[in-house]
Amino acid sequence: MKQQRATFNSKLGLVMASVGSAIGLGNIWRFPCEAGEHGGGAFLIVYIFCVMILGLSVMLAEFFLGRASQKDAVGAFKVLAPCSMWKIAGYNGVVAAFCIVGFYSVVSGWTLEYIYQSATGNLNAGSVEEFTENFKNFTSDAFRPVLWVFIFMLITHFIVLLGVKKGIEQTSKLMMPLLFVILIILCVRSLMLPNSIEGLKFFFKPDFSKITSGVILSALGQAFFSVSVGMGCMITYASYFNKSINMPTTAVSVVALDTLVAILAGIVIFPAVTSFNISPSQGPTLVFVTLPNIFQQMPFGNLWSLIFFVLLAIAALTSIISLHEVVTAYLHEQYKMSRNKAATIVSLSGFAIGIICSLSFGVLSHIKIFGVIIFDLLDFITANLMLPLGGMFICIFVGWFINKKFLKDELTNNGTIKFRLFYVFFILIKYIAPIIIALVCINQLGLF
Ligand code: PFF
């Protein structure tokens with residue numbers, strides 16, 4: 001007998017799971033640091049364009065692929081285009097997921113250390129220099145961060161093992177509302193700081209002269225990373241959608257909530273940064289050095305730090321689960337392995353890459369590829385190359401090789417729901433998205 005495929009239990013559950021995948025370190029850690037490094041308001045404008053136009057279209061194309069095929073990221077291409085090379089787009093996704101798990105688990109592990117330190121009242125260094133020093137000492141240590149990676153991977157492993165309904169759906173349904181509440185509390189706190197208006201200006205007031213091709217590529221990569229597209233994550237999740245789900249509205253909800261959280265994170269971070277006269281362009285340390293330092297200067301500092309890092313850990317957890325699920329579903333379905341075995345392989349090998357990424361801040365910091373450490377290399381290659389290119393191939397595949405009527409029927413649930421902007425979506429994925437992505441990538445590689 002053919003085994004019944006897992007599905008999400010409720011509409012709310014599947015939206016929360018997809019939102020949980022999208023909202024993560026990408027919104028709260030990566031987005032402010034990219035925006036800070038690339039000119040604040042200018043980056044925000046390009047980012048919003050990329051996420052609303054390109055991110056949304058690729059997400060809907062992925063939803064289509066997943067639900068129509070009822071397969072994992074590679075299986076979807078095999079079913080919809082048998083005996084073709086398109087499955088390479090699926091492999092690109094599985095490899096990207098695997099690499100992201102590697103560096104993502106490291107930053108997720110850091111959040112646990114900071115939770116521990118705030119809970120035990122030890123996160124009080126004194127000056128920014130001391131905070132920076134402590135952060136560097138911690139991240140370059142050979143054992144402690146690796147231990148936290150291990151713990152984080154272990155938690156992820158058990159949630160994935162619990163399966164789609166009990167593990168992924170339940171965790172996301174519980175965690176996502178909690179995350180919103182914490183974020184709103186932090187926003188209010190940040191806006192009450194003196195001089196917070198300067199931070200808001202930096203974040204919202206665009207200086208168009210700062211928009212370069214590098215800024216556009218970073219915004220594009222960040223948009224794809226943030227809404228979890230370009231690598232089959234949404235293909236995998238959509239394969240668990242039932243046939244009555246309205247995919248266009250689900251995609252809009254996921255992208256809108258994700259963007260809202262990124263903007264809220266900016267509202268927490270930039271006013272706090274300018275209020276304490278710190279440069280917003282600190283890079284990856286912005287959240288781990290600047291924020292605890294700022295919290296420390298406020299009443300109940302450790303409590304604010306604790307709340308913030310719990311928020312970050314929750315966001316990280318629901319995202320890493322989805323990355324893990326991409327590879328687990330692939331191994332489970334393509335190699336007919338039990339879910340248990342597939343998840344164990346992914347957890348162990350993800351942990352191995354996590355160790356290498358973590359050590360690249362310390363004992364392996366001398367290994368530089370293209371001038372950067374392994375952690376930064378994986379971050380750059382996945383977000384700025386594999387996801388945009390993956391997204392481009394997904395658009396070309398759906399726009400050019402899928403029968404248009406089949407696409408429309410699937411996206412309108414056989415005509416039972418309305419999708420008025422179908423033709424706009426179709427032109428976007430057929431022409432506009434692939435051309436823009438190709439131009440940005442070619443330009444960035446310096447080919448013209
Ligand atoms: N969207 C997640 C974040 O913003 O942190 C990261 C991510 C998850 C990227 C899943 C890609 C993915 F497939």
Side-chain angles (χ1 to χ4, degrees), residues 16-35 47 50-51 55-56 58-59 61-63 65-66 72-74 76 89-90 92-108 110-111 152 156 160 168 172 175-176 179 183 218-239 251 254-255 257-266 284 287 311-330 346 350 378-391 394:
M16 284 302 159
S18 313
V19 171
S21 164
I23 296 174
L25 294 174
N27 303 61
I28 305 168
W29 163 71
R30 203 174 184 281
F31 174 76
C33 100
E34 290 283 317
Y47 174 79
C50 290
V51 87
L56 184 60
V58 180
M59 181 176 293
E62 287 201 22
F63 278 176
L65 291 174
D72 60 278
V74 174
N92 169 64
V94 173
V95 174
F98 201 65
C99 296
I100 299 177
V101 167
F103 72 83
Y104 211 86
S105 62
V106 174
V107 184
S108 309
W110 297 348
T111 64
F152 210 89
T156 309
V160 173
I168 301 177
S172 312
M175 302 267 183
M176 282 300 113
L179 182 138
L183 202 54
S218 301
L220 183 69
Q222 174 60 24
F224 281 21
F225 187 86
S226 190
V227 293
S228 307
V229 297
M231 44 156 287
C233 180
M234 292 300 168
I235 299 181
T236 311
Y237 270 21
S239 72
V254 175
V255 170
L257 287 171
D258 184 78
T259 309
L260 178 67
V261 169
I263 293 178
L264 289 177
V287 158
L311 165 87
L312 209 53
I314 293 173
L317 185 63
T318 49
S319 295
I320 207 167
I321 291 171
S322 71
L323 289 158
H324 195 297
E325 179 66 22
V326 171
V327 194
T328 302
Y330 162 69
V346 180
L378 287 188
D379 179 315
F380 183 85
I381 290 186
T382 51
N384 289 11
L385 286 175
M386 293 174 93
L387 300 193
L389 288 179
I394 287 169

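Order of appearance sets the numbers: ligands from 1, and atoms from 1 within every ligand. Quick note: numbers below take in every heavy atom, side chains included, and nothing from hydrogens, waters or symmetry partners. We're numbering straight along the sequence, starting at 1.
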Could you pull out the N/O contacts under 3.5 angstrom between ligand 1 and the surrounding protein atoms?
| unit_1 | atom_1 | unit_2 | atom_2 | d |
| --- | --- | --- | --- | --- |
| ligand 1 | 1 (N) | S21 | O | 3.2 |
| ligand 1 | 1 (N) | A22 | O | 2.9 |
| ligand 1 | 1 (N) | F225 | O | 2.7 |
| ligand 1 | 1 (N) | S226 | O | 3.0 |
| ligand 1 | 1 (N) | S228 | OG | 2.9 |
| ligand 1 | 4 (O) | A22 | O | 2.9 |
| ligand 1 | 4 (O) | G26 | N | 3.4 |
| ligand 1 | 4 (O) | N27 | OD1 | 3.3 |
| ligand 1 | 5 (O) | L25 | N | 3.1 |
| ligand 1 | 5 (O) | G26 | N | 2.7 |
| ligand 1 | 5 (O) | Y104 | OH | 2.4 |

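With rounding to the nearest 0.5 Å, the separation of CG in L387 from CD in Q222 is 10.5 Å. For the atom pair M175 CE and L317 CG, the distance stands at 5.5 Å (nearest 0.5 Å). Between the OG1 atom of T259 and the CG atom of L264 there is a distance of 10.5 Å, given to the nearest 0.5 Å.
Judged as a salt bridge (charged side-chain N to carboxylate O under 4.0 Å, His left out), and not counting sequence neighbours, the contacts of D379 are R30.
Aromatic ring pairs are classed by plane angle as parallel below 30°, tilted from 30° to 60° and perpendicular above 60°; the pair F225 and Y104 is tilted.
The shortest non-hydrogen separation linking A329 to T236 is CB-CG2, 3.8 Å.
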